[in-house]
Number of protein chains: 2
Amino acid sequence: MSVCDEVRQDGDPRDHGGQGRQNLALLCFYPHRAMEARLLATLAAEGFDDLTIAQGRIAARIGPGGTRLTDLAAQALVTKQTANHLVDQLERAGYVRRVPDPTDGRARLVQIAGRGQAVVALARRVEAEVEAEWTAHLGEEVTAQLRAALERLREITDPYR
Amino acid sequence: MSVCDEVRQDGDPRDHGGQGRQNLALLCFYPHRAMEARLLATLAAEGFDDLTIAQGRIAARIGPGGTRLTDLAAQALVTKQTANHLVDQLERAGYVRRVPDPTDGRARLVQIAGRGQAVVALARRVEAEVEAEWTAHLGEEVTAQLRAALERLREITDPYR
DNA sequence: ACCATTTAGTCAGGTGGTCTGACCATCGTC
DNA sequence: GACGATGGTCAGACCACCTGACTAAATGGT
């Protein structure tokens with residue numbers, strides 16, 4: 001999915017795939033989508049079938065000691081309302097809990113709760129597995145180059161670096 | 001946004017950004033998101049403020065000679081219903097048109113229509129501009145390596161290659 | 001101390017995107 | 001020419017997300 005790929009330069013009428021030079025952003029999209037799909041499918045298969053993509057995107061940004069709702073919203077690039085809504089669902093399902101922030105009476109920290117720990121562990125395994133497959137396909141050196149380039153690119157494309 | 005980043009390995013309590021080693025899929029996500037946001041903002045600023053992200057994602061996959069709805073849906077990984085709905089909107093707004101497929105009485109080809117041509121041209125310009133910025137940041141050689149690595153990765157992550 | 005401003009979070013209402021399920025028309029084949 | 005597969009549409013529902021308006025607590029200047 002991508003507004004990015006607003007365009008295709010290849011010239012084959014009725015083309016179905018697109019062999020032309022694709023823009024970089026679109027190329028970035030495929031691995032991301034593949035990982036997301038794989039992760040969601042595996043989690044569902046292992047019994048966590050009540051997780052949605054949006055919930056995962058929020059949950060993924062919870063730090064070890066808990067994270068404020070506002071920070072979650074900012075990092076995920078959604079509004080506080082949306083983040084709040086998703087955290088509500090996650091809390092109801094037992095994946096996270098909200099505790100008061102000891103350093104700020106207004107704030108509460110969203111923390112991974114019991115059921116969430118299991119999901120995180122599983123997700124970590126799947127991630128490592130998929131990355132290993134990619135490394136096997138690309139080779140160690142190219143993978144390292146890829147990671148380095150993406151990390152540098154992040155400097156100018158991630159507003160919350 | 002990413003279920004991909006289900007996990008963070010860094011250990012700083014109350015961390016807000018994440019300096020630890022990020023998984024590759026998440027790293028892929030930042031450039032994609034940045035391009036999408038830039039594209040949407042520019043298009044809106046130039047008067048195409050009735051375009052949504054989802055519409056762009058569908059429109060982006062229309063080939064020069066037109067593309068079938070089913071193919072658009074498959075490539076964008078959405079259902080035919082969703083694709084149809086989005087094409088309806090694009091058609092109503094004058095960006096695309098539907099013509100009968102001469103080779104198949106059941107099918108119709110979605111083609112870029114008058115107003116869509118202007119968008120495509122503008123989008124192409126913005127894409128080139130953003131890629132140029134990235135190249136300036138990374139350097140020619142690293143950019144070329146990045147593209148090559150992503151293209152190879154696409155071989156195993158894009159089901160509609 | 002006090003008030004103004006900012007920040008954390010919530011509530012209400014609405015739109016858009018996406019899905020599942022059921023359905024019709026046409027194609028290709030035996 | 002009948003039948004399974006394919007292209008597309010219709011109906012209804014849910015989820016994600018947004019804008020706008022609001023409360024409560026922290027912060028900073030006088």
Side-chain angles (χ1 to χ4, degrees), chain A residues 1-3 14 16 33 36-37 40-41 44 49-62 66-93 96-111, chain B residues 1-3 14 16 33 36-37 40-41 44 49-63 66-93 95-111:
Chain A
M1 21 168 158
S2 236
V3 179
R14 285 286 316 289
H16 291 207
R33 179 173 70 179
E36 200 167 59
L40 203 63
D49 55 350
D50 55 345
L51 272 173
T52 68
I53 295 175
Q55 288 168 11
R57 286 173 185 169
I58 287 292
R61 292 174 163 80
I62 299 175
T67 305
R68 291 186 187 182
L69 184 67
T70 301
D71 294 331
L72 292 179
Q75 289 171 36
L77 289 196
V78 299
T79 59
K80 291 185 294 179
Q81 291 86 332
T82 297
N84 192 39
H85 179 59
L86 295 170
V87 169
D88 279 347
Q89 299 174 338
L90 288 169
E91 191 171 33
R92 243 179 285 122
V96 306
R97 64 170 159 263
R98 288 187 240 229
V99 302
D101 185 336
T103 72
D104 189 331
R106 297 167 300 178
R108 297 158 76 185
L109 295 176
V110 179
Q111 296 179 331
Chain B
M1 14 173 158
S2 234
V3 178
R14 288 284 317 288
H16 290 206
R33 179 173 69 179
E36 201 166 59
L40 202 64
D49 55 350
D50 55 345
L51 271 175
T52 67
I53 296 175
Q55 287 168 13
R57 286 173 183 168
I58 287 292
R61 291 173 163 80
I62 300 175
T67 306
R68 290 187 188 181
L69 183 67
T70 301
D71 293 332
L72 292 178
Q75 289 171 36
L77 290 196
V78 299
T79 59
K80 291 185 294 178
Q81 291 87 332
T82 297
N84 192 38
H85 179 58
L86 295 169
V87 168
D88 278 348
Q89 300 174 336
L90 288 168
E91 191 172 34
R92 244 179 283 121
Y95 291 112
V96 306
R97 66 172 157 263
R98 287 188 240 231
V99 302
D101 184 335
T103 73
D104 189 331
R106 297 166 302 179
R108 298 158 74 185
L109 294 176
V110 180
Q111 297 178 331

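Chain letters run A, B, ... following the sequence lines, proteins first and then strands; every chain starts at 1. As a basis for the values below, the full set of heavy atoms in this structure was taken, side chains included, without hydrogen atoms, waters or symmetry mates.
- Among D/dC17, C/dT7, C/dT10, the nucleotide with an atom closest to any side-chain atom of A/K80 is C/dT10.
- At a threshold of 4.5 Å between non-hydrogen side-chain atoms, the residues A/R57 and A/V78 do not count as touching.
- Rounded to the nearest 0.5 Å, atoms CZ (A/R33) and CD (A/E36) are 10.0 Å apart.
- Contact annotation: A/T52 side-chain N/O to D/dC15 OP1/OP2 distance is not under 4.0 Å.
- Comparing D/dC17, D/dA26, C/dT26 by their nearest atom to the side chain of B/R106 picks out C/dT26.
- A 4.5 Å side-chain heavy-atom check between B/D101 and B/L109 finds at least one atom pair inside the cut-off.
- Of all nucleotides listed (D/dC17, C/dT10, C/dG9), C/dT10 comes nearest to the side chain of A/R98.
- The nearest pair of heavy atoms linking B/L72 to B/R61 is CD2-O, 3.4 Å.
- Within the structure, a side-chain polar atom (N or O) of A/R68 is placed less than 4.0 Å from OP1 or OP2 of C/dA8.
- Between A/T79 and D/dC17 there is no side-chain N or O to OP1 or OP2 distance below 4.0 Å.
- As rounded to whole Å, 13 Å separates atom P of D/dT6 from atom CG of B/D71.
- Comparing the local axis fitted to the first five base pairs of the helix from C/dA1-D/dT30 to C/dC30-D/dG1 with the one fitted to its last five gives a bend of 30°, rounded to 10°.
- In this entry the distance linking CZ of B/R57 with P of C/dG16 reads 16 Å, nearest Å.
- The separation between B/Q55 atom CD and C/dG17 atom C1' is 10 Å, rounded to whole Å.
- Interface remark: the B/Q81 side chain does form a donor-acceptor pair with the C/dG21 base, using a distance-only criterion of under 3.5 Å.
- Dashed line: the shortest gap from a side-chain N or O of B/Q89 to OP1 or OP2 of C/dG17 is under 4.0 Å.
- As a whole-Å value, the separation of B/I53 CD1 from C/dT15 P is 19 Å.
- Of the candidate nucleotides C/dT10, D/dA25, D/dC17, D/dC17 has the atom lying nearest to any side-chain atom of A/T82.
- When every heavy atom of A/A76 is checked against every heavy atom of A/I58, the shortest pair comes out as CB-CD1, 3.9 Å.
- Summarising the geometry, atom NE2 belonging to A/H85 is positioned 10.5 Å from atom CG belonging to A/L90; distances are rounded to the nearest 0.5 Å.
- Nucleic acid contact for B/H85: base, since at least one base atom lies under 4.0 Å from a heavy atom of the residue.
- Projected onto DNA chain D by closest heavy-atom contact, A/G105 and A/V78 fall at different nucleotides, the more 5' of which corresponds to A/V78.
- Note: CG (B/D50) to P (C/dG17) measures 11 Å, nearest angstrom.
- When the P atom of C/dG17 is taken as reference, atom CG of B/L40 falls 11 Å away, rounded to whole Å.
- Taking only side-chain atoms of A/L86, from C-beta outward, the nucleotide of C/dA8, C/dG9, D/dA16 with the closest atom is D/dA16.
- The phosphate of D/dG8 has neither OP1 nor OP2 within less than 4.0 Å of any side-chain N or O from B/N84.
- In this structure, A/L109 places its CG atom 13 Å from C1' of C/dG9, rounding to the nearest Å.
- Minimum interatomic distance between A/I62 and A/Q111 (heavy atoms only, all atoms of both residues): CG2-CA, 4.2 Å.
- Residue A/L77 contributes atom CG, which lies 17 Å from atom P of D/dA16 at whole-angstrom precision.
- Minimum interatomic distance between B/K80 and B/L69 (heavy atoms only, all atoms of both residues): O-CD2, 4.1 Å.
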